[in-house]
Novice: 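Provided herewith is a single structure, encoded as structure tokens, for subsequent inquiry.
Residue numbers start from 1 in every chain, and the chains themselves are labelled A, B, ... in the order their sequence lines are given, proteins ahead of strands. All values below were derived from every heavy atom in this structure, side-chain atoms included, with hydrogens, water molecules and symmetry-related copies excluded.
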Amino acid sequence: DTGVSQDPRHKITKRGQNVTFRCDPISEHNRLYWYRQTLGQGPEFLTYFQNEAQLEKSRLLSDRFSAERPKGSFSTLEIQRTEQGDSAMYLCASRKGQGRGSPLHFGNGTRLTVT
Amino acid sequence: GDSVTQMEGPVTLSEEAFLTINCTYTATGYPSLFWYVQYPGEGLQLLLKATKADDKGSNKGFEATYRKETTSFHLEKGSVQVSDSAVYFCALSDQPGNTPLVFGKGTRLSVIA
């Protein structure tokens, strides 16, 4: 079990630029989640995949955000025309099984700073 | 909708003190409950969980009991260490299957020697 891997760890970008983050889940986990965490807050759900299908999107996920999981393995989260309010830690998590007792396994996150 | 409310931090304790971090929840169904811990610069790690009423989750000296009658899942540890300094998040998962976890805002714990 190599854990959930996220890349990059840190990203600094100028307002208006596009950024893309990558997440590699634990290999046998078919469910993959993206969360956003701002300072002093708990993680907020953004979107979720089961295999390659994107099954749920939060209202937090504006039109500038898009996520993909093309082969049901790794996932990417793209933010277009970044704004300063997008500055946050973006967390990826994966999960095995569908019982509500099945925990999420988190990566270390990508910290985005928009200047 | 579902929600989790945690006591506000920061909480500062001396080493070997007793810890309680309160957590209450609101859920439409019969949720599973979790505590996650986040150490500086790292992602969230599962600390413990409970899936039904009166279950006690435990790990690394931490315990939490699922209290359906009071909709609570308070985290406790009898003797904290400096290495326990972190942010603790209470979370719930309501419906089986795909529902994402709903998190509280977190409680920062600082333990001083």
Novice: Can you check whether A:Arg95 reaches B:Leu101 side chain to side chain, under 4.5 Å on heavy atoms?
Specialist: yes
Novice: Same cluster or not: are A:Phe65 and A:Phe21 linked, directly or through other Ile, Leu, Val, Met, Phe, Trp or Tyr residues, by side-chain heavy atoms under 4.5 angstrom apart?
Specialist: yes
Novice: Taking B:Glu42's backbone N and O only, do any of them form a donor-acceptor pair with A:Asn108's side chain (distance below 3.5 Å, no angle check)?
Specialist: no
Novice: With a 4.5 Å cut-off on side-chain heavy atoms, are B:Tyr36 and A:Pro43 touching?
Specialist: no
Novice: Mind checking whether B:Phe89 and A:Gln41 have side chains closer than 4.5 Å, heavy atoms only?
Specialist: no
Novice: Side-chain contact, heavy-atom cut-off 4.5 Å: B:Phe103 with A:Tyr35?
Specialist: yes
Novice: Is it the case that more than 12 heavy atoms not belonging to A:Gln80 sit under 6.0 Å from its CD atom?
Specialist: yes
Novice: Give a yes or no on this: more than 12 heavy atoms of other residues, nucleotides or ligands lie within 6.0 Å of atom CG of A:Leu60.
Specialist: yes
Novice: Is the number of heavy atoms from other residues, nucleotides or ligands under 6.0 Å of B:Glu16 CD greater than 12?
Specialist: no
Novice: Answer yes if A:Leu77 and A:Phe74 sit in the same cluster of Ile, Leu, Val, Met, Phe, Trp and Tyr residues linked by side chain heavy atoms under 4.5 Å apart, and no otherwise.
Specialist: no
Novice: Does one hydrophobic cluster hold both A:Phe106 and A:Tyr48, with members joined at side-chain heavy-atom distances below 4.5 Å?
Specialist: yes
Novice: Given side-chain contact (heavy atoms from CB on, under 4.5 Å), test A:Gln37 with B:Gln38 step by step and report yes or no.
Specialist: CA-CA 12 Å; A:Gln37 185 181 18; B:Gln38 187 174 33; 3.1 Å; yes
Novice: Sort A:Leu91 into side chain, backbone, both or neither according to what part of it lies under 4.5 angstrom from a heavy atom of chain B.
Specialist: side chain
Novice: For A:Arg9 and B:Gly41, work out which heavy atoms get closest and say how close.
Specialist: NH2-O, 2.9 Å
Novice: Kindly check if the number of other-residue, nucleotide or ligand heavy atoms within 6.0 Å of CD (B:Glu15) is above 12?
Specialist: yes
Novice: Answer with side chain, backbone, both or neither: which region of B:Leu46 has an atom nearer than 4.5 Å to a non-hydrogen atom of chain A?
Specialist: side chain
